[in-house]
Number of protein chains: 2
Amino acid sequence: MGNETRKRMLQTTLRLIQLRGLHGVSLNDILEESGSPRGSLYFHFPGGKEALVAEAMQSGIEEASQVLRECLASASHPADGVKAFFQAAAEEMTRSDYGFGCPVAPIILDSPHVSTKLAAACRAAIDEWTEMYREALLAGGLSFERAGRVANTITASLEGALIMARSHQDATLIVTVGDEVADLITLAVNR
Amino acid sequence: MGNETRKRMLQTTLRLIQLRGLHGVSLNDILEESGSPRGSLYFHFPGGKEALVAEAMQSGIEEASQVLRECLASASHPADGVKAFFQAAAEEMTRSDYGFGCPVAPIILDSPHVSTKLAAACRAAIDEWTEMYREALLAGGLSFERAGRVANTITASLEGALIMARSHQDATLIVTVGDEVADLITLAVNR
DNA sequence: CAAAATATGACGATCGGTCTATATACTATG
DNA sequence: CATAGTATATAGACCGATCGTCATATTTTG
């Protein structure tokens with residue numbers, strides 16, 4: 001396929017945005033790092049930078065969703081599934097030398113109302129993840145409302161843990177928080 | 001004092017960085033919004049943009065620390081103190097129309113290794129807050145180690161809740177997560 | 001008044017994202 | 001096989017924005 005260049009652009013974009021934030025990455029950076037020629041960008045992404053970023057972010061979101069889905073599916077108790085996902089996040093953090101975190105957080109914090117499309121995609125991603133947690137918790141016996149509240153807490157904890165891990169260059173934090181959250185889930189379910 | 005301009009610059013900088021991230025704010029933005037002329041910046045802040053940002057962020061950190069200190073001090077149970085702080089954060093969110101969140105998160109996500117000074121200040125702020133939680137939990141009877149783990153979880157939850165609230169334009173999320181975390185604390189302390 | 005402190009906006013080198021014009025590869029058809 | 005036509009890919013010019021500097025006002029202070 002001829003879209004080798006395209007793929008490289010997307011990967012590099014995702015990587016760099018996670019590293020330096022939405023506004024911290026220039027097209028020049030992306031082009032240089034991905035070794036792509038300048039003019040190719042508007043051929044592959046007629047929508048310009050925003051289109052490129054949107055697609056790159058989307059792929060990051062989908063990957064995260066898939067990992068989460070697997071973690072929850074292959075666990076008998078929701079607490080175990082959540083724990084596994086936090087662990088996976090921690091591994092990804094160390095593997096990338098603290099370059100990768102949440103694919104949407106940098107964009108939420110960088111563009112409140114800059115781009116409605118990007119913001120909507122971020123919102124959808126968060127909703128999707130939270131919904132997965134909720135379903136698992138419902139299956140665990142929690143009430144609909146309580147499951148929603150706990151699910152939000154899980155999402156928030158992970159989001160925050162990723163930031164802290166980045167800041168301290170210490171992926172252990174993610175695992176610690178994950179264990180603590182798993183505890184909360186266990187207590188909530190068995191009551 | 002002649003530092004009226006200086007103060008305005010700092011406030012505007014803090015505000016804009018929270019709004020659009022570290023790299024999303026240009027000096028022109030700051031100057032225009034604060035109504036200051038270009039050259040004044042390098043008189044008040046010879047260190048340029050980085051010095052300005054560092055000082056602005058520092059003031060944001062100190063304000064947050066003070067509010068947290070008060071919340072924890074004027075509560076008989078650590079869970080209540082934490083709850084109050086989450087509530088205060090939610091109010092600040094609505095008051096600023098989702099402009100203000102955590103003063104350090106946007107910088108952590110925008111500059112991994114861009115500026116060592118900034119990164120160190122962020123780390124120190126997170127440590128300070130976490131330490132405050134830990135002390136309150138110790139006073140509540142938790143073991144030193146467990147207190148640290150729970151403290152990290154609290155910090156992470158708030159950090160994440162702020163992002164979610166921003167993304168969904170819904171400060172309620174912060175309160176919800178706060179209540180859930182307070183629950184976790186209560187359970188942890190009374191065991 | 002003299003001197004120090006502060007304010008001002010114009011300047012230029014560099015970098016930002018976008019676009020038009022051009023080149024290359026592939027396909028179809030006589 | 002030759003040629004025209006189309007899809008794919010590249011190159012580089014364009015112009016506005018950005019940031020730090022500086023020479024020159026203006027205000028404050030001793």
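The figures that follow rest on heavy atoms only: side chains count, while hydrogens, waters and symmetry mates do not. Just so it is clear: chains get the letters A, B, ... in the order the sequence lines come, proteins before strands, and each one is counted from 1. For clarity, every value in this text was computed on a predicted model and none was experimentally measured.
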- prompt: Would you say A/N28 reaches C/dG17's phosphate, i.e. side-chain N/O to OP1/OP2 under 4.0 Å?
  reply: no
query: For the pair made of CD1 in A/I30 and P in C/dG17, what is the distance, rounded to whole Å?
result: 8 Å
message: Rounding to an integer number of Å, can you tell me how far B/F43 CZ sits from D/dT27 C1'?
response: 12 Å
task: Describe the nucleic acid contact of A/G48 in one word from base, sugar-phosphate, nothing, applying a heavy-atom distance below 4.0 Å.
output: sugar-phosphate
- prompt: What's the CG-P distance between B/L27 and D/dG16, to the nearest Å?
  reply: 21 Å
query: Should A/L138 and A/M132 be regarded as members of a common hydrophobic cluster, given that ILVMFWY residues are connected when their side-chain heavy atoms come within less than 4.5 Å of each other, either directly or indirectly?
result: no
query: Should B/E135 and B/R69 count as an ion pair when the cut-off is N to O under 4.0 Å?
result: no
Whole angstrom value for the distance that separates C1' of D/dA17 from CZ of B/R20: 13 Å
- prompt: Over how many whole Å does the gap from A/K49 atom NZ to C/dC19 atom C1' extend?
  reply: 17 Å
field: Euclidean distance, atom CG of residue B/L52 to atom P of D/dG20 [Å, nearest integer]
entry: 10 Å
- prompt: Counting any heavy atom closer than 4.0 Å, what does A/S26 reach on the DNA or RNA strands: base, sugar-phosphate only, or nothing?
  reply: sugar-phosphate
task: Could you tell me whether the phosphate oxygens of C/dA7, OP1 or OP2, come under 4.0 Å of any side-chain nitrogen or oxygen in B/H44?
output: yes
query: Quick one: is D/dA9 close enough that its OP1 or OP2 comes under 4.0 Å of any side-chain N or O from A/S40?
result: no
query: Can B/R146 and A/E180 be counted as an ion pair, charged N to O under 4.0 angstrom?
result: yes
query: Taking the nucleotide of DNA chain D with the closest heavy atom to each, which residue, A/P37 or B/G47, is nearer the 5' end?
result: A/P37
task: Let me know the distance between CZ of B/R38 and P of D/dT18, rounded to the nearest Å.
output: 9 Å
task: Verify the contact: side-chain N or O of B/T5 to OP1 or OP2 of C/dA7, cut-off strictly under 4.0 Å; return yes or no.
output: yes
- prompt: In whole Å, what is the span from the CG atom of A/L41 to the P atom of C/dT20?
  reply: 15 Å
- prompt: More than 12 foreign heavy atoms under 6.0 Å from NZ of A/K49: is that the case here?
  reply: yes
- prompt: Is there side-chain contact between B/E50 and B/F45, with heavy atoms separated by less than 4.5 Å?
  reply: no
